[in-house]
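Note sheet for the following structure.
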Amino acid sequence: MMTHSQIKVFVTEALLLAIVSAALIIGGFLWSNDRADKRLQREYKQKFGTVLAAESYTPLTGKVLNDFPEINSVYRGYDKDGTPVGYVFDMTVALPSDKTTKLDFRIGIDFETSRVTGLMCEDPKVDRRLQYLESTLLGKQIPVAFRRADTTVSDDETYAPVEGLKDGIYYAQRLIDDRSKFVDYVEMEIKGGKITRVNWDAFNLDMTTEDRSYASLSGAYEISGLDWAVQSYNICHALLKLQDPDRLAMKSDGTTSIVDGVTCNIQCFVDLSKECINYSREGYTKDKYLSAINRIYTETMGSTPDADGVRNKAGYIAFSFEKTPEVYTIYDESGSARGFRTVREIEAIMNGKRLNKLTPTPTPSPEATPDPKNDSRNAERGAEDGYVKGSSEDEQTLTDSIDDLPMSEVATYIYPPSDSYVEARLAIRAFNTGYKFLKAYLNWRV
Amino acid sequence: MPDRRRYSFYKGLFPGDVLNFSKRSHYVREIMLERVYPTKVILPMKMHYGVPAVPCVRIGDNVLAGQCVGIPEKGTFSVPVHTGISGTVTDIKPITLPNGISTRAVVIHNDMKRSRLDSLKPRSLMKLSASEAINIITDAGICGMGGEGIPTGAKLRRAKKEGVKDLLVNCLQSEPYSTSDLTAITEYPDYVVNGAAACTRTIGAKRCFFLISEQRKEQREALENSIGRLKDRFKDLTFDIKIFRERFPQGYYRLIAKALYGKSISAQDTLERICGAVLFNCSTMLACWEALSDNIPMMSRIVSITGDASGIHNMLVPIGTPVSELINSVGDFRASGGRIVWGNCLTGIEIKDPDNTPIIKLTSAISIIRRQVVPRTPCIHCGLCSECCPMGLSPNTIYEMLNQGLTQKASEEGARDCIACGSCSYICPAGISLTDKIAAFAGEGRVIEVNSLLYNSGHTATEGELIYDANELSGSSLLEDYGASKEEDGRDEEGRIVLPFDGGKKV
Amino acid sequence: MSRKRAVKKEAVRLAPFIHTEKNAPYIYLTLIAAMVPCSIYAAFYYGLRAIILILFCVVTFTLSDLLFTHIAGRGGKGEYFDLSSASSGLMLALILPPDTSLITALTAVLFGSIVTKQIFGGPGSNLVNPAAAGRLFVSLVMPSAVKGYAEGGTEGWFMLRTLIFGSKSGEFHDYTNCSFPELITGNFPGSLGAACATCVLLGGFFLVMRGSIRLYAPISYFVTLTLFFPLSNLLARGTSFGYDGYIAFMLSSGVVFVAVFMLGDLTTMPSRFTAGFFAGMVCAMLTLIMRAFVRPDTALLAPVLSVNFMSFVLDFLMKTISRRNLRSREVDVR
């Protein structure tokens, strides 16, 4: 075996070797890294420039990636100033039903608005065929789902009304204002078991100005897109056609894409419409509602609305109960807010009797995440494609999930292509996977 | 002398990567020649190839330094044995030398009087015929001191018969640690050159080449100076120094033939026949000149006591000195616990009984080697053994074949060519004793030794039989008669060569 | 005569009493030391996971060898532990992609250890390079697990995710865009340790200094690669006949690593000059041809294995040729 001196010599030489190599490596790194970065960015640009225009790209890492086997890599793109502009995904997508067909996609997503900035398939043939899809999706928000031609709100289509509606005029208003001092309300008229008239508007807490529709027309209330009054009209019109607020396909961000001319948040409208429909089933008319709210005010505030001057010219109580949340909030065991009571429920409590079910209305709070398991809509969970064919009641019913995303989250609906359906479907799956990743990665609350 | 072509064979152990010979060179400068005067000598009757000599002394006889104690049987191929000390014969006993030779040995105890035979003095008349010179060399008991052990007289005679053109003096002591030959050159360059020149004339050759390693500058210069001094005396001869690369085992005659003449010699051929050259060790040349000019028989030689577990000493040692005395004289070796190797560390033989193992005429070195634990691993098929084998064999393949009993295949692979130089065992990373196995096979298969000189050794001496009357030969070194009484006969001999020396002149 | 023979038999029982310090553990230790620069490269560029991967390969390779030796009953008898397992494990780790999962590495290790080493008779008897065989095995059997090298692999020194999950990103890049400084310093996505040509050459230099490398095959490999590169270009790209991408190929494809640590190997390559030269040439030609048709790692390693297989035959053949003259003479003599 080696003698001590030999071992010493050997170790010395090995150490020397290690030091020399470490110096070479680190020196070489410093020498070449700038070029390597530049080259890398050049390659990234060449590769990803078509789907997301950015000055530089950095790969994202993290445990989250492991939950998404389809995603090969994710990059965040930055502009010249170093501000993030978007994400680029490199993924290989297959349908759960058919694992053999795989396509490699590169997709770009805008940083702030999560809109599509580009789509590219690495198979050039497929890419050509998906050209139209890219142009359709450009600038659209993800997630994306196909819509059936017959699920759009078309005038010559009739929809079955919600069952069990009693004729009459029903009414519901919010107990708190929105952040711009408006209190939303919906008035609904049922005739012959069908919704025949819907009005969605909001009182101004400031008694001097008019309702929101008026304010929007006069320019005092501005939102993106069409005037709010027009959008309100459109959505009410759509509900008259569809007969069921669920059919409005409200997404998790509170918008809908199936109603033309409506870009605003319709959460409030949907909630209040559902409340009205519930009242209609129970024959809880507008008059009852108004007297109930009158009573709630009186008992809560200790004086009459008239005395406090919160009744507006039209005779409604335009008041926000935000200072007394205990009146309308449902608390769970831990004492945190779980939902909100309707006026009828509050009245029932004041009467000392409990209603059969005190289910909270769908939460208007943007903080609460819908739990798909408890979501009653999941009862008719459909195929992955986003629609099912031939359910017993309807010819076609929108299903409530696509690529494991609740339908309510879907932001963009597009028409399925006449050909290359599978490829387009895979592309959409890619987008939705990207959406899911971003949701998980950025801890998005929906 | 300008730098010239450097000769070597292909493969072998390289000094650079294997044995750091350059490190050793500083020892060479340090080496002094020491002398040892032992309390007893053990003189085996057979130290050479051939028939053992026969003791010509009896127990109780007093002998003088230089006296012949063993003489050849008549008509046999043998050389006499001389004692290097004066003293009393205490025993004549059978002895087995480490190399396996069993023979009788004469044990002489030193009387410390250092009395020498009167005849051990410079020869008065240096006009000798070739056959006289050969006879002197034979009777001086000289045999190849590099390790081959062939009686030099016989070799000269054969070379003369073959009509060789070149006489090569092997100054290539390439074995690790051994420097005895080199010391001989450093100390007695004129003797070496004179001896070589005399032998060249004796065999009728015209060229005398000294083969020396390129790293032995000191020895080279000594030889060059000596040649410069002496070449005028030998105008009919051409002297040259052939520079070789330092490589082990460069000194082997087949490798020299390959390097110098570009000819490969098979085991059956001789250097004389193929290359027209005869090869002698430089120490042998030294001994020859001692015999020719000073009438000194081969009674002592230079031995290196060396090795990684000892310093390097070169000692003038009477033949037959027990190894233990030699070692004790250079210091306490037993403390180091090294192995004592009879010979050099690559080809020598370990001895367990240094007290009873003598230095013989062929012992150029006693190596004291640190005990090494060689890690034994399975063969890793690295091929290093094939790379270094000077004979171009594949020791690993042969070893495997021998292990499987495929002797026929092994001989086809050339196993018989093994010269047992030990390079493969030395280099083997797996620590396999390749040389051991292969050399044993090569040795057992070789019916007739490399040198056909043994053909005539038909006679076997009967043990205990005293052929000569000891008294008749008493007090003789066998060399007395030459030059004086036989001078007349020698002159008449045809083709005789007269050595042109002034009698008695010390060279 | 019979006595003489016996004497002779005794007389040749010789042995060298000194032994070179270059024993088998030393050779493997040298090999390991020569791979230190590459390991440092791996640790510097890929951080903790590289260190873990390297240690894992070394340890599992050693354990697997020990275990198998034990099972096969070859072990014991005072045989030295020769470090060949450790060096094979290290070499294997260095040619794996940086984000190889431990499972993949284990597969490669087990294949290299058991199939290529132990089944052929244990340490030293392997016909082919265990590291190359293990690596090739995973790239053929689990191509998705080692599908290439991740761009911008410097994900942080303490990132360990890929050890468990492997990596999804990874491809074989076209390195022709890389600048020379990047190529020579290994600053590009490549295998764990073989990417940095400087480090490999440094290790090679160390091996040469230590004499634990045989240069015939590596030199002929390089020469052949250089001479026939244009042809390979023609084959691979169909159009260009020239030295485009030559430097990128030489520095990025791992041929330097292969030349130094696999073709310079003492065990698995031919020992004779002619055979070694021929083997290097064949290896280079195969690489150049396969480059056009298969994955780069396969194109790199499969030729190594084939010349490993060939080397035994080649060595034998060359020996036979070189000895033919002598043998025929021996026959004549008889």
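Sequence lines set the chain letters: A, B, ... in the order given, protein chains first and strands last, and positions in each chain run from 1.
- Heavy atoms closer than 4.5 Å to chain C are found nowhere in B/Leu97, neither backbone nor side chain.
- Residue contact with chain B, scored on non-hydrogen atoms closer than 4.5 Å, involves the side chain of C/Arg214 exclusively.
- For residues 257-269 of chain C, the set of pairs meeting the salt bridge (charged side-chain N to carboxylate O under 4.0 Å, His left out) definition, not counting sequence neighbours, is empty.
- Applying the 6.0 Å contact sphere to CZ of C/Phe205 captures no more than 12 heavy atoms from other residues, nucleotides or ligands.
- Under the side-chain hydrogen bond (donor to acceptor under 3.5 Å, both in side chains) criterion, C/Thr274 pairs with no residue, sequence neighbours left out.
- With respect to chain C, the highest number of heavy-atom pairs below 4.5 Å among B/Cys382, B/Ala430, B/Cys421 belongs to B/Cys382.
- Of all heavy-atom pairs spanning C/Ile27 and B/Leu384, the tightest one is CD1-CD1, 4.2 Å.
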